[in-house]
Amino acid sequence: MLDINLIRKEPEVVRQAIINRGNDPTPVDEILALDTQRREILARSERLRATRNAVSKEIGRMRDEAEREAKKAEMRRVGDEIAMLEAELAKIEAQLGELTAALPNLADPRVPVGPDETHNVLLRVVEGALPKPDFPPKPHWEIGEQLGIIDFERGVKLSGSRFYVLNGWGARLQRGLIAWMLDLRLRQGYEERYLPFMVKAQTLFAAGQLPKFRDNLYHDAEEDFWMVPTAEVPLTNLHGNEILDADDLPRLYTAYTPCFRREKMSAGRDVRGIKRGHQFDKVEMYAFTKPEESDHYLEKMREDAEATLKELGLTYRVKLLCTGDLGFASRITYDLEVWSPGVGEWLEVSSVSNVGDFQARRANIKFRREKGAKPEFVHTLNGSGLGLPRTMIAVLENYQQADGSVVVPEVLRPYVGTDVIRQAHA
RNA sequence: GGAAAGGUGGCCGAGUGGUUUAAGGCGGCGGUCUUGAAAACCGCUGUGGCGCUUAGCGUCACCGUGAGUUCGAAUCUCACCCUUUCCGCCA
């Protein structure tokens, strides 16, 4: 949610920012018009309320019955007028809310302007420590099926396309990755949380997922339960409607959750393998900071995510997203992409964003600089650390051997329980 | 799922239609006193919106949420949500 005061004061800036994202800026003008109307009507109805409050108090003290009835009749008319104005106000506020809720966040000035992902800026490539394979690398779906650790057929039998079953060492590899990543986050200073995987609609709104991305979410038909598309959603709301002490900031969190996405927007893309499913696992990083510190923690989160890939010895690259590819709530985003030789692709495994006060406004998360000071909105940041299926793909494809086995990365061995995977079961 | 009780400021807690402008207490902040501290005493104490002559002032809203009754609602009515206890079911 953008600050209405910013829209009032700098409509040109907001308009241009929306255009830079490739969106239509006309809602800005509608918002300004509605905002003016709102304030006019509000002033009128509040003057009437003030009158009614005062007169009602007098009525309570009046002894003369006739005079009393006269005043009551008069206030009845005032009441009717207030009701009329407020009905109008409610309509305007609903429209205003809808329009402002649909506006994306403003991009940071450092974000390059561009129409789509082709204009993202490659910042650098970091070579991993692993030797290049001296044989033609296979894609993970072949590795997985040959080892018997990924069962696509039974996944489809259970749930349809884009589902799979992990067997034996495959399941343990994923579990090991999750546990190792969480421990790495703890060493990096994040606190772990175990969160609800189903949340209320309001929780999704505060994180910026609703109303805009309704089509990409799963929800219960009968109750107000929505499956989380990312841990970012419950983490954002962890401190919803709270005023934090400045001493409590920053708050750094990490959480593992499954993520559920309908992938309606990506129908037909990446149908092969485990790259894009309706259900996937992710370890997330999240931060609540003072406004002036959020950029510092953006860099920390990016470094922390990068450390994951470095410790796995993988080759990756860092991109700065352009305005056209930026997420709805984000001001600035780094993407980390890991090289995977089997599919011959750079796979997006992490997205690290500074959201500024965009989610804090929606979720009403504030802090007080000192006792008695006026509460201010915090800044929030989120980053994947990392997405599991794609990290699994990268591990399987980068650590595959000529004989079809997969060596377990050294850091994962204590977590997985073996040095090398030769078959599904020991 | 059934029954009962309940939801009031940072916390406890009073409040069954109009001097409630939400009592009182605790906590917190400031002050008096003190060598210092404690005690005692005095003062202050939430969030948001709108307006203005903007260190402030005025006004409106907020007592779980939403509707309703009324000139006037924390208080009355209805629906819903949540909490606690008991019963049932269950990992």
Side-chain angles (χ1 to χ4, degrees), chain A residues 1-9 31-101 194-206 210 219-226 234 237-249 251 258 357-378:
Chain A
M1 192 79 83
L2 295 180
D3 184 358
I4 184 70
N5 286 306
L6 177 70
I7 302 176
R8 270 181 214 154
K9 279 186 215 142
I31 286 167
L32 287 171
L34 286 168
D35 178 55
T36 306
Q37 272 187 60
R38 172 180 173 266
R39 284 184 286 168
E40 276 168 15
I41 294 171
L42 191 62
R44 274 163 65 198
S45 90
E46 286 191 353
R47 270 196 300 274
L48 291 175
R49 272 181 178 275
T51 306
R52 185 175 69 177
N53 286 347
V55 174
S56 288
K57 221 169 268 180
E58 281 174 37
I59 291 173
R61 288 191 293 261
M62 280 179 185
R63 290 289 162 260
D64 184 307
E65 199 54 35
E67 196 185 342
R68 199 182 165 102
E69 285 310 315
K71 282 289 184 195
K72 276 195 195 181
E74 193 186 328
M75 284 310 103
R76 243 192 303 270
R77 283 194 298 275
V78 170
D80 290 345
E81 201 176 335
I82 291 171
M84 237 176 57
L85 289 171
E86 284 189 347
E88 210 175 326
L89 199 59
K91 222 188 306 172
I92 289 169
E93 284 180 346
Q95 267 177 286
L96 204 50
E98 215 172 288
L99 288 172
T100 44
Y194 170 82
L195 304 160
F197 302 160
M198 297 192 289
V199 296
K200 311 190 266 194
Q202 165 57 29
T203 304
L204 283 152
F205 175 86
L210 280 177
H219 65 106
D220 187 276
E222 283 159 352
E223 300 192 63
D224 187 23
F225 285 130
W226 299 68
N237 288 275
L238 216 47
H239 293 299
N241 293 315
E242 289 183 25
I243 300 174
L244 303 167
D245 286 337
D247 298 345
D248 279 344
L249 297 176
R251 300 218 64 114
D357 62 8
F358 191 82
Q359 287 173 329
R361 281 179 191 283
R362 288 178 167 235
N364 189 26
I365 310 164
K366 298 186 170 181
F367 79 105
R368 234 189 280 273
R369 286 188 189 274
E370 52 204 60
K371 283 211 184 336
K374 195 177 148 68
E376 297 170 54
F377 288 111
V378 299

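Here is how names work: the chains are called A, B, and so on, in the same order as the sequence lines, proteins then strands, and each is numbered from 1. Computed from heavy atoms alone, side chains included, the values below leave out hydrogens, waters and symmetry copies.
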Short side-chain N/O contact to B:U59 OP1/OP2 from A:R47, under 4.0 Å: no
Any-strand Watson-Crick or G-U partner of B:U21, both distances under 3.5 Å: none
Residues touching RNA chain B, which here means a heavy atom under 4.0 Å, drawn from residues 73-89 of chain A: A:M75, A:R76
Who pairs with B:A74 - Watson-Crick or G-U, where each distance is under 3.5 Å: none
Distance in angstrom units between A:E242 CD and B:G10 C1', rounded: 13 Å
Identity of whatever pairs with B:A3 - Watson-Crick or G-U, under 3.5 angstrom: B:U85
Pairing partner (Watson-Crick or G-U wobble, both distances under 3.5 angstrom) of B:G27: B:U45
A:D3 side chain to A:N5 backbone, donor-acceptor under 3.5 Å: yes
Between B:C26 and B:U45 - C1' atom distance, rounded Å: 13 Å
Separation of B:U45 C1' from A:R368 CZ (nearest whole Å): 11 Å
A:R39 side-chain proximity, nearest of B:C50, B:U21, B:G48: B:C50
Phosphate-side-chain proximity, A:R52 and B:G72, N/O vs OP1/OP2 below 4.0 Å: yes
Donor-acceptor pair present, A:E46 side chain and B:G49 base, under 3.5 Å: yes
Contact under 4.0 Å: A:R61 side-chain N or O vs B:U19 OP1/OP2: no
A:M1 side, atom CE; A:F205 side, atom CZ - distance, nearest 0.5 Å: 4.0 Å
Pairing partner of B:C90 (Watson-Crick or G-U wobble, both distances under 3.5 Å): none
A:N364 side chain near B:G48 phosphate (N/O to OP1/OP2, under 4.0 Å): no
B:C60 phosphate, OP1 or OP2, under 4.0 Å from A:N53 side-chain N/O: yes
Rounded interatomic separation in angstrom, taking CZ from A:R361 and C1' from B:G48: 13 Å
Nearest to side-chain heavy atoms of A:I59, which nucleotide of B:G48, B:C71, B:C50: B:C71
A:M75 side chain reached by A:K72 side chain, heavy atoms, under 4.5 Å: no
For atom CD of A:E222 and atom P of B:C80, their distance in whole Å: 16 Å
Rounded interatomic separation in angstrom, taking CD from A:E223 and C1' from B:G1: 12 Å
A:L96: which of A:K91, A:Q37, A:R38 passes side-chain contact (heavy atoms from CB on, under 4.5 Å): A:R38
5' precedence on RNA chain B between A:R68 and A:K72 (nearest-nucleotide basis): A:R68
Nearest-angstrom distance, C1' atom, B:C71 to B:A14: 28 Å
A:A50, nearest nucleotide to its side chain (from B:U59, B:A61, B:U47): B:U59
Nucleotide paired to B:A40 in any strand shown, Watson-Crick or G-U, under 3.5 Å: B:U32
Side chain A:R8, main chain A:T36, donor-acceptor under 3.5 Å: no
Sugar-phosphate only, base, or nothing, as touched by A:L42 at under 4.0 Å among non-hydrogen atoms: sugar-phosphate
Complementary nucleotide for B:C57 - Watson-Crick or wobble, under 3.5 Å: B:G51
P gap between B:U70 and B:C44, integer Å: 40 Å
C1' gap between B:C78 and B:A23, integer Å: 30 Å
Base-pairing assignment for B:C80 (Watson-Crick or G-U wobble, both under 3.5 Å): B:G64
Length of the line joining A:I92:CD1 and B:C50:P, which is rounded to integer Å: 14 Å
Atom C1', compared across B:G13 and B:G25: separation rounded to whole Å: 8 Å
Chi angles and distances behind the side chain to side chain contact (heavy atoms under 4.5 Å, CB included) call for A:V199, A:N237: CA-CA 10 Å; A:V199 296; A:N237 288 275; over 6 Å; no
Pairwise P distance for B:A37 and B:C29, with rounding to whole Å: 14 Å
Flag side-chain contact, heavy atom, 4.5 Å: A:T100 against A:L2: no
Sugar-phosphate only, base, or nothing, as touched by A:K366 at under 4.0 Å among non-hydrogen atoms: sugar-phosphate
Touch class at under 4.0 angstrom, heavy-atom based, for A:R8 against every strand present: sugar-phosphate
Whichever of A:T51 and A:I243 has its nearest RNA chain B nucleotide further upstream toward 5': A:I243
B:G9 to B:C80 separation - P atoms, rounded to the nearest Å: 24 Å
Audit row: A:E74, A:V55, side chain to side chain contact (heavy atoms under 4.5 Å, CB included) steps and yes/no: CA-CA 10 Å; A:E74 193 186 328; A:V55 174; 5.8 Å; no
Nucleotide nearest A:K374 when distance is taken to its side chain, options B:G46, B:G48, B:C50: B:G48
P atoms of B:A73 and B:U21, separation to the nearest Å: 12 Å
A:E69, CD atom: more than 12 neighbouring heavy atoms under 6.0 Å: yes
Over 12 non-hydrogen atoms of neighbours within 6.0 angstrom of CZ in A:R44: no
Rounded distance in Å - CD (A:E40) to P (B:C60): 20 Å
4.5 Å side-chain heavy-atom contact, A:F377 and A:I365: no
Value in whole Å for how far the C1' atom of B:G72 lies from CE of A:M62: 13 Å
B:C60 OP1/OP2 closer than 4.0 Å to side-chain N/O of A:R44: no
